[in-house]
Number of protein chains: 2
Amino acid sequence: MVDENIEKVSIPSLRRLPLYYHYMKILKKRKVDYVSSTKIAEKMNLTPIQVRKDLSITGVKGRARVGFNIKDALEKIEEFMGWKDKKDGILVGCGDLGSALLGYNNFKNYGFEIVAGFDVDEKITGTEIHGKRIFPIDRMENLCKRLHIKVGIICVPSKSAQKVAERMIDSGIEAIWNFAPAALEIPNDIALHQEDMAASLTILFKKHRKNR
Amino acid sequence: MVDENIEKVSIPSLRRLPLYYHYMKILKKRKVDYVSSTKIAEKMNLTPIQVRKDLSITGVKGRARVGFNIKDALEKIEEFMGWKDKKDGILVGCGDLGSALLGYNNFKNYGFEIVAGFDVDEKITGTEIHGKRIFPIDRMENLCKRLHIKVGIICVPSKSAQKVAERMIDSGIEAIWNFAPAALEIPNDIALHQEDMAASLTILFKKHRKNR
DNA sequence: TAGATTGTTAATCGATTAACAATC
DNA sequence: TAGATTGTTAATCGATTAACAATC
């Protein structure tokens, strides 16, 4: 049942669920116990039907006239999103953005931890950034295989991104989160999520233009 | 014609266009002049039809049997995406992530520039980060109004995000790029783009799980 | 009870894919 | 010329929205 749903969930739903989650977290802190789809929808300019549909994939059940139990809903969202499964990852490219991600404390709330950083710059290899050790890139394969690490984050300049991706794949990485503005060419069985500042900026600008 | 299309373009298309762009940039560097939709589609596991449909919204015309002129296509994408229009923005919350964004050089390729940072921490106000001056948050309204700044980036902790958003709106900001994991409640006429690490991570994990 | 809210089934809307004539 | 590729129109697919019975 749950496994069937995993296949069926749409990307837009996966983007909305965290918003409901953040909002319900705040309500929980305010000691609120229940919230209706109407209330949630109002806050984020969506329809109540959409909120109910999204929440229903997580398996949470609401109560007519009352709404959703916030504690339950938070639990179910965490479970469905896979935030309860612990996952380790490594990060390559410890420049400004890479360093920021190494220190991003919120990852642990989503079951994710970056266990090490890699870089080519000998000035930073051997040091620690935000408590994470930084290794030369030659050590990646050994470390990833030894610790069975499957998630890799790319924060290198675009022109090195493809090479780093290939090296990650050789190291046994199965899921790549790419922050470099580069179209990676990788096999079909490797999961790729592209974080694209260009796309984000453009979506923001287009929405802005539409409003005027 | 162009203005009609602006309304019609889908978010998924806006996310794909930068990928074609990055890829064509590389080809251009390699002195390649033309590329077919088939070739592009192959590289990113899409269909050629989808690539042609996406490209057609930008107004670029291909040539049968030859494909798309890369120089033309890059030009048209830049134009359509609004990367040629110069836009200034400010950033609030100069912690790790905020600092990284202040130093993110790629923004200028998309016509965007962060002109100043704001923070509550007196240890950093008055200093510069990556060449950008950091001001106390009280100065935001005056500066934004004076320089007609319409774009604001939020990099503060979640619990302050709502307050910062409201302050931005008071300062005349019309488009908010929110990196805090918080569901902002803002008027309908303010553009909002939520950058959600939780959503990104989850999409990556789900793709990964599906592959196995 | 009355009425607000859920959850599900059906209808609509929009994006992707297929088909194919036009073109180089 | 033959055949690869574009661009457009039509068909399909999937996500959103509407309708409404069930429920508390």
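Side chains are part of it too, since the values below use all heavy atoms of this structure and drop only hydrogens, waters and symmetry mates. Proteins get letters first, then strands, A, B, ... in listed order; numbering begins at 1 in each.
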Practice prompt. Tell which nucleotide pairs with D:dC13, taking only Watson-Crick or G-U wobble pairs whose two distances are both under 3.5 angstrom.
Written response: C:dG14
Practice prompt. Please report, rounded to the nearest Å, how far the C1' atom of D:dT5 is from the CZ atom of B:Phe68.
Written response: 9 Å
Discussion item. Using ring centroids (six-membered ring only for Trp), state whether A:Phe107 and A:Tyr104 fall under 6.0 Å.
Written reply: yes
Discussion item. Tell me the interatomic distance from B:Asn45, atom CG, to C:dT17, atom P, rounded to whole angstroms.
Written reply: 12 Å
Discussion item. Applying the side chain to side chain donor-acceptor pair (under 3.5 Å) criterion to A:His208, which one of B:Glu174, B:Lys150, B:His193 satisfies it?
Written reply: B:Glu174
Worksheet item: Would you say C:dG7 has OP1 or OP2 under 4.0 Å from some side-chain N or O of A:Ser56?
Response: no
Item to complete: Have a look at A:Pro12 and say if it touches a base, only the backbone sugar-phosphate, or nothing, with a 4.0 Å heavy-atom cut-off.
Response: sugar-phosphate
Fill in: Residue B:Ser37, side-chain heavy atoms: nucleotide from C:dT6, D:dT6, C:dT16 that is nearest
D:dT6
Worksheet entry | A:Asn142 side-chain N/O to A:Arg146 backbone N/O, donor-acceptor pair under 3.5 Å | no
Discussion item. Can you identify which nucleotide, out of C:dC24, D:dT17, C:dT6, has its nearest atom closest to the A:Ile49 side chain?
Written reply: D:dT17
Worksheet item: How many Å lie between OH on B:Tyr34 and C1' on D:dT5, as a whole number?
Response: 13 Å
Item to complete: Mark yes or no: A:Lys87 above the aromatic ring of B:Phe205, with NZ or CZ under 6.0 Å from the six-membered ring centre and no more than 45 degrees from the axis.
Response: yes
Item to complete: Could you check A:Asp54 against A:Ala64 and say which one's nearest nucleotide on DNA chain D is further toward the 5' end?
Response: A:Asp54
Worksheet item: Who is the Watson-Crick or G-U wobble partner of D:dA21, with both distances under 3.5 Å?
Response: C:dT6
Item to complete: Might you point out which heavy atoms bring B:Ser13 and B:Ile57 nearest each other, and give the distance in Å?
Response: CB-CD1, 4.0 Å
Fill in: OP1 or OP2 of D:dA15 under 4.0 Å from side-chain N/O of A:Gln50
no
Discussion item. Rounded to whole Å, how long is the line connecting atom CD1 of B:Ile57 with atom P of D:dG7?
Written reply: 13 Å
Discussion item. Using a heavy-atom cut-off of 4.0 Å across all strands, would you classify A:Lys53 as base, sugar-phosphate, or nothing?
Written reply: base
Worksheet item: C:dA15 P sits how many Å from B:Arg16 CZ, rounded?
Response: 10 Å
Worksheet item: Taking NZ from B:Lys76 and P from D:dG7, how many angstroms apart are they, rounded to a whole number?
Response: 12 Å
Worksheet item: Could you give the NZ-to-P distance, from B:Lys61 to C:dA22, as a whole number of Å?
Response: 16 Å
Discussion item. On DNA chain D, does the nearest nucleotide to A:Ile11 precede the nearest nucleotide to A:Arg63 from the 5' side, or the other way round? Give the residue.
Written reply: A:Ile11
Discussion item. Strictly distance-based, threshold 3.5 Å: is any side-chain N or O of A:Thr38 a donor or acceptor partner for the main-chain N or O of A:Pro48?
Written reply: no
Fill in: Nearest-nucleotide pick for A:Thr38, side chain only, options being D:dC24, D:dT5, C:dT5
C:dT5
Worksheet entry | B:Arg52 side-chain N/O to D:dT6 phosphate OP1/OP2 under 4.0 Å | yes
Item to complete: Starting from P on C:dT1, measure out to CZ on A:Arg65 and report it in whole angstrom.
Response: 13 Å
Worksheet item: Among the nucleotides C:dA15, D:dT8, D:dT6, which one has an atom lying closest to any side-chain atom of B:Ser10?
Response: C:dA15
